[in-house]
Amino acid sequence: MSNQEDLFKNLISHCKEYGFIFQSSEIYDGLSAVYDYGQNGTLLKNNIRQYWWQSMVQLNENIVGIDAAIFMHPTTWKASGHVDAFSDPLIDNKDSKKRYRADVLIEEHVAKIEAKIEKEVEKAAKRFEGFDEKMFRSTNARVLEYQKSADDINARFKKALNENDLAEVKQIIIDSEIVCAVSGSKNWTDVRQFNLMFSTQLGSVAGDSDTIYLRPETAQGIFVNFLNVQKTGRMKIPFGIAQTGKAFRNEIVARQFIFRMREFEQMEMQFFIRPGTQKEWYEHWKETRLKWHNALGIDPKKKRFHDHIKLAHYADAACDIEFEFPFGFKELEGIHSRTDFDLRNHEQYSGKKQQYFDPELNQSYTPYVIETSIGLDRMFLAIMASSLKEEKLEDGSERVVLSIPAALAPIKVAVFPLMGKDGMPEKAMEIMNMLKFDYNVTYEEKDNIGKRYRRQDAIGTPYCITVDQQSLEDNTVTIRDRDTMKQDRVAIDTIPNLIAEKVSLKSLLKKLV
Ligand code: GAP
C-alpha cells in the first residue's frame with residue numbers, strides 16, 4: 001500500500017468484510033456519520049468497555065459506576081453551559097457549498113506548516129553528521145520562518161477564540177490563504193456558531209411538549225447524581241463515579257469513519273476532590289490513564305499528551321491523550337480539571353445544595369472535579385489501526401493479521417476438526433463445550449486448515465486448535481499461536497490453563513496495579 005490514505009481505506013473495508021463495522025441503514029445508502037457494529041465489532045467493543053470499566057470500578061474501591069438515562073431535564077443543559085456554549089464555529093465555501101469547522105481549517109493549516117518543519121529537520125539530519133537538532137531548529141532560516149508563521153497563527157487564533165471574535169477567525173483563514181479542498185477557492189462565508197446538541201420533543205401532544213436534548217456527554221448524568229451516590233454509597237472524598245453510554249452530537253464535519261460520529265459512546269469518570277487539590281489529582285489521572293493505554297502494548301510513540309490552547313467553558317486545565325491515527329495525531333481521550341463549575345451551576349439552577357460535608361475538615365464545600373473522558377469508538381479505531389498488518393511470510397506468501405491485544409480479541413479460540421468425519425467434529429465440539437463458559441469460541445469445518453487459519457488471523461483470534469487423527473488416539477491437539485504462527489501439540493485438559501494468562505482481562509488489569 002502506497003500511503004496512509006490507502007491504509008485507512010484498507011482498514012475501513014477490513015472492518016466491513018470481517019463483520020466489525022457496517023454503515024448504518026446501508027440498504028438505504030447509509031446515514032452520514034452513523035455506524036453499526038457487527039458480530040465481531042460488538043465483541044471487541046464490549047471487551048474494550050469491560051477493560052475500562054473494570055480498571056475503574058473493580059480496581060478502585062473509591063470508584064463506583066452508574067447508568068443514567070440519555071434524556072435529562074432540559075435545565076441540566078442550561079446549567080452545564082451546553083445550551084449557550086456547546087457550539088463549533090462553522091464556515092461555508094460559497095463555490096463548493098462545502099461546510100467546514102473554521103477551527104479545524106486553521107489547525108490543519110498549522111499542522112501542515114509543522115510537517116514542513118519536520119521535513120527540513122529530517123533532511124538535515126540525513127545530510128550532516130553529528131546533527132544537533134536543537135541548534136538547527138534555532139538557526140536555520142527556513143525553519144525559523146515556518147515556526148514564526150505557525151506561532152503567529154496560533155497566537156491570533158487563541159486570542160480570537162478567547163474573545164469569541166468570529167470575524168477575526170475568518171480573517172485568519174483569509175490571511176493564511178486557506179483554500180477549500182473541493183473547489184480550490186478562497187470564497188468563504190462569515191464564520192458563525194452552530195450548537196451541536198440534537199433536540200427533540202417530550203410528550204405526544206403538540207403544545208403540551210417540551211424541548212429536550214439527546215445528551216452530548218455522559219458526564220452530566222454523573223453530576224446530577226453526585227449526592228444520590230455519595231449519600232447512598234456513604235462515599236468519602238476523594239471518590240469517583242464512572243459511566244459508559246451513548247452521547248449525541250450534530251457534528252458539522254463528520255468524517256474519518258468512526259472517529260467523529262453523530263451517535264457515539266463515551267466512557268467517563270468524574271473524580272470528586274477537595275478544592276485546592278486539583279493540580280495533584282490532574283497529574284495523577286494523566287499518569288493513570290496513560291498507564292491504561294500503555295498496558296495494551298501499543299507503540300508508545302503513537303501516543304502523546306497535548307495541552308488545550310482554548311480551555312472548555314468548565315475547565316481550569318485540560319489535555320488530550322492523542323493517538324496517531326492513519327490521518328495524523330488526534331484526540332483519543334480528554335483529561336479535564338473541571339473545577340466546581342458543574343456542581344455549582346446545578347446548585348444554582350436547581351436550588352438544591354450540591355455540597356459535601358467533609359468530616360476531617362469539619363466543613364462543607366462544593367467538590368472540585370477531575371474528569372477522564374474517552375470515546376469508546378475512537379479507542380476501537382485506535383486498536384484496529386495499530387493492529388491491522390499485512391505480513392510477508394518466509395515462504396513468500398502474505399497474510400493479513402489483526403494483532404489485537406489477546407484479552408480484547410472478539411473470539412479467543414477457534415476449534416477446527418482437521419476433517420469433517422471419523423469422530424473429529426465430535427471431539428472438537430467437546431473442546432468447544434469445555435471452553436465456551438469462559439470465552440467466546442468458534443467452530444469451523446469448511447475449507448482447508450490454511451484458509452481457516454487466515455480467516456481467524458484476520459479477526460484477531462489468538463489461538464486456533466486443530467483436532468486430528470492423533471487427537472482421537474491420545475487426547476492431544478495442536479494449538480497455534482496467532483502472532484508466532486507456531487504450533488504445539490498439547491493435552492486437551494491443559495488448554496484452559498495454557499490460554500488463560502494471555503486471553504483473560506486479568507492479564508491486562510494486573511499491569512495497572
Ligand atoms: N465530558 C467531556 C467531554 O465530553 P470531549 O472532549 O468533548 O469531552 C470526550 O469528549 C471524548 O469523547 C473525546 O476524547 C473523544 O474520544 C470522544 N468523542 C467526542 N466527540 C466524538 C464524536 N463526535 N465521535 C466519536 N467520539 C467522540
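Start at 1 and go down the list; that is how both ligands and their atoms are numbered.
- Under the 4.0 angstrom criterion for non-hydrogen atoms, Arg338 is in contact with ligand 1.
- Checking side-chain atoms of Ser176 against main-chain N and O of Ile173 turns up no donor-acceptor pair under 3.5 Å.
- Among protein heavy atoms, the minimum distance from atom 10 (O) of ligand 1 is reached at Gln266 NE2, 3.4 Å.
- For atom 9 (C) of ligand 1, the nearest non-hydrogen atom from the set Ala247, Ser373, Ala318, Ala315 belongs to Ser373.
- Those atoms of ligand 1 with a heavy atom of Phe259 less than 4.0 angstrom away are 24 (N), 25 (C), 26 (N).
- Using a 3.5 Å distance cut-off with no hydrogens or angles, the side chains of Gln220 and His346 do pair a donor with an acceptor.
- Selection from Glu217, Gln256, His308, Arg249 by nearest heavy atom to atom 5 (P) of ligand 1 gives Arg249.
- Between atom 16 (O) of ligand 1 and the options Leu376, Leu332, Asp342, the minimum heavy-atom separation is to Leu332.
- Taking each of Glu263, Met379, Glu331, Arg378 in turn, the one with a heavy atom nearest to atom 6 (O) of ligand 1 proves to be Glu331.
- When each atom of ligand 1 is checked for a heavy atom of Gly334 under 4.0 Å away, the hits are 14 (O).
- Assignment of Asp377 to the shell around ligand 1 is not supported, since no heavy atom sits closer than 4.0 Å.
- For the pair Arg262 (side chain) and Asn250 (backbone), a donor-acceptor distance under 3.5 Å is absent.
- For Glu265, the heavy-atom gap to ligand 1 stays at 4.0 angstrom or more.
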- Could you check Asp358 against Arg274 for salt bridge (Lys or Arg N to Asp or Glu O under 4.0 Å), going step by step and ending with a plain yes or no? CA-CA 9 Å; Asp358 192 325; Arg274 272 185 196 160; 2.8 Å; yes
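- Those atoms of ligand 1 with a heavy atom of His336 less than 4.0 angstrom away are 2 (C), 8 (O).
- In terms of modelled atom types and a separation under 3.5 Å, the side chain of Asn60 and the main chain of Asn62 share no donor-acceptor contact.
- Annotation: side chain of Glu263 is in contact with side chain of Lys246 (closest heavy-atom distance under 4.5 Å).
- When ring centroids are compared, Phe327 and Phe8 come within the 6.0 Å threshold.
- There is a side-chain donor-acceptor pair under 3.5 Å between Trp292 and Ser55.
- Residue contact check: Glu333 has heavy atoms under 4.0 Å from atoms 14 (O) of ligand 1.
- In Thr218, neither the side chain nor the backbone holds a heavy atom less than 4.0 Å from any atom of ligand 1.
- Counting only heavy atoms of the protein, atom 24 (N) of ligand 1 lies nearest to Met261 N, 2.9 Å.
- The residue among Phe323, Phe248, Phe86, Phe264 with a heavy atom at the shortest distance from atom 27 (C) of ligand 1 is Phe264.
- Judged purely by atom type and a 3.5 angstrom limit, Thr366 has no side-chain atom pairing as donor or acceptor with the backbone of Arg344.
- In summary, the atoms of ligand 1 found under 4.0 Å from a heavy atom of Glu371, numbered by their order in the structure, are 1 (N), 2 (C).
- In terms of polar-atom proximity, defined here as any N/O pair under 3.5 Å, Gly375 does make such a contact with ligand 1.
- For Arg260, heavy-atom contacts with ligand 1 shorter than 4.0 Å involve the backbone as well as the side chain.
- Arg482 places a side-chain N or O within 3.5 Å of a backbone atom of Gly460 that can act as its donor or acceptor partner.
- Residue-level proximity to ligand 1 for Glu268 is carried by the side chain, the only part with a heavy atom below 4.0 angstrom.
- Side chain to side chain, Asp316 and Tyr368 fail the donor-acceptor criterion of an N or O pair below 3.5 Å.
- Remark: the Ser373 side chain and the Glu268 side chain contain an N/O donor-acceptor pair separated by less than 3.5 Å.
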